[in-house]
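Read through the structure below, which is laid out as structure tokens, and then see the notes.
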2 protein chains.
Amino acid sequence: MRPTTLTEAVYGRIRNDILLGLLKPGDKLKLESLRQRYDASINTLRETLSRLVADGLVANEGQRGFTVVPTSLADLRDITEMRQLLECHAARLSIQSADLDWESRVVGAYHKLSKIEQVIDTDPKRYSPLLEAYNRQFHGALISACGSRWLLNFHGVMYDQSLRYRMLAFQVRDFPRDQSRREHREILDAALARDADRLTALLTAHITKGAELYVEQDLTRAQGTKRRGPPPRRHAGPRK
Amino acid sequence: MRPTTLTEAVYGRIRNDILLGLLKPGDKLKLESLRQRYDASINTLRETLSRLVADGLVANEGQRGFTVVPTSLADLRDITEMRQLLECHAARLSIQSADLDWESRVVGAYHKLSKIEQVIDTDPKRYSPLLEAYNRQFHGALISACGSRWLLNFHGVMYDQSLRYRMLAFQVRDFPRDQSRREHREILDAALARDADRLTALLTAHITKGAELYVEQDLTRAQGTKRRGPPPRRHAGPRK
DNA sequence: AAAATAGAAAATATCCAATTTTAAAATGGA
DNA sequence: TCCATTTTAAAATTGGATATTTTCTATTTT
């Protein structure tokens with residue numbers, strides 16, 4: 001589904017630019033520049049930025065305008081643990097009430113992911129953002145039967161946060177090959193075997209490894225401007 | 001800390017009105033009416049409403065404006081379970097890294113809560129919103145040493161959501177007496193004894209009971225307008 | 001030279017008026 | 001009663017104007 005309103009479209013674009021690291025942690029988001037870059041009015045921009053504040057991707061201190069939320073190892077650790085908690089819990093619930101539809105979604109998502117992983121693995125030059133999209137869909141499918149909107153909601157937020165760190169890591173280091181492919185395969189097997197314990201163990205390890213991609217570099221250096229305060233504010237909902 | 005900007009102030013006021021049930025589930029939030037009621041411009045209003053969308057208190061479907069998010073038993077169940085998950089997890093973590101400061105916050109918060117509970121218990125007419133504030137502070141203190149900003153963040157969202165249901169229940173039924181007082185006492189004891197298992201068990205029960213106040217009435221009747229679709233969208237950060 | 005201060009320039013937060021789009025309601029026949 | 005059309009009420013956006021607040025820079029003071 002494509003955005004029905006301008007605000008939503010711009011929201012998606014800025015969000016994407018932050019997630020991809022085009023807008024770097026700490027960057028000041030001057031309304032005037034944004035106006036030109038995204039071709040929308042100040043008011044529309046402010047509205048979209050407010051939403052991003054809620055997602056924990058943008059900060060809005062007092063009267064000092066908007067900035068891209070800074071990164072830190074502590075924040076990454078927090079996000080990683082939180083994502084593990086939520087994703088494992090949701091995966092467990094999903095397995096409990098797993099039905100054929102769920103299985104079908106999981107297998108389908110895995111297939112897509114697997115195919116593109118194969119392509120990229122043989123030729124790293126062909127890395128595509130599609131990989132990230134399919135990866136998200138696979139993880140999404142796994143927990144799609146958990147039955148809790150809020151859980152999916154929060155998980156989505158954490159997923160995006162961790163994605164940002166991962167993408168930042170790829171800016172300085174090569175995309176890791178092979179390993180995550182095998183992990184995904186194991187995760188799929190555990191899911192289809194309805195082995196909740198094994199599944200959560202695998203997911204935990206998988207998520208940890210993903211985070212390490214970032215930790216390995218010390219990416220917590222100069223970012224945009226000064227204070228690299230704590231993370232977000234208030235935030236909410238998942239994508240329809 | 002008082003709001004530094006108009007938007008923040010209005011945000012707080014609308015938020016409060018929704019939590020208190022002054023703005024009822026399903027209510028249409030016409031910008032024009034809001035403009036008068038809260039004395040702010042359309043743009044400012046849109047900005048604050050966007051934030052509330054993130055909190056899962058306001059919905060913003062397509063091009064049909066804003067509405068107060070409807071309530072439903074399914075949603076309440078979801079919220080309740082989610083709050084239990086987060087609050088118990090956070091309480092456990094808190095106990096793990098509990099120090100004297102934490103203990104002091106817990107005891108202090110309990111004291112305030114206890115005092116006002118006593119007053120209200122002897123004279124129900126004197127029910128005060130302060131009780132809710134102190135109750136929040138007590139629960140907040142319990143998990144304040146968990147060390148995870150995101151966890152506190154998400155918990156805050158769930159707490160507010162459950163508070164809304166509770167307040168809606170009080171509109172039709174009397175404030176329950178005595179029981180929760182005893183529960184709080186037990187919770188305090190378990191916390192000070194560093195008994196994580198007992199504490200989480202008590203918290204779970206306590207939260208369940210709180211939710212039942214609402215379930216007991218069938219409060220899921222006509223609310224504002226038509227479709228009472230699913231809950232929220234995206235959401236994010238905690239209060240500073 | 002470090003610290004404090006005054007003033008200028010830049011950027012925010014807000015508001016208002018006007019336009020374009022959309023959705024919901026009303027109307028008028030088949 | 002059920003469509004199709006017109007009307008009407010709102011919402012989404014824009015552009016511009018205005019106070020206020022920050023931030024920067026040059027000037028003084030200690």
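Throughout, protein chains are lettered first and strands after them, A, B, ... in sequence-line order, and every chain is numbered starting at 1.
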Return the polar atom pairs (N/O with N/O) between nucleotides 5-8 of chain C and the protein under 3.5 Å, or none.
none

Test item: side-chain donor near acceptor, T208(A) and Q84(A), under 3.5 Å: yes

Difference in axis direction between the ends of the helix from dA1(C)-dT30(D) to dA30(C)-dT1(D), five pairs, 10°: 20°

Mutual orientation of the aromatic rings belonging to Y165(A) and Y214(A) [parallel < 30°, tilted 30-60°, perpendicular > 60°]: perpendicular

Side chain Q161(B), main chain G56(B), donor-acceptor under 3.5 Å: yes

Polar side-chain atom of S94(A) near backbone of I143(A) as donor-acceptor pair, under 3.5 Å: yes

Minimum heavy-atom distance between L142(A) and W102(A), given as atom pair plus value: O-NE1, 3.0 Å

Any side-chain heavy-atom pair of R164(A) and V69(A) under 4.5 Å: yes

Side-chain heavy atoms of T71(B) within contact of L76(B), under 4.5 Å: no

Ring pair (Phe, Tyr, Trp, His ring centres under 6.0 Å) partners of F138(B), counting only residues at least two apart: Y110(B), H184(B)

For H155(B), all residues meeting ring pair (Phe, Tyr, Trp, His ring centres under 6.0 Å), sequence neighbours excluded: none

With sequence neighbours excluded, residues passing salt bridge (Lys or Arg N to Asp or Glu O under 4.0 Å) with R105(B): none

Heavy-atom protein contacts under 4.0 Å, nucleotides 7-20 of chain D, coded B base, S sugar-phosphate only, - none: ---SSSBBBB----

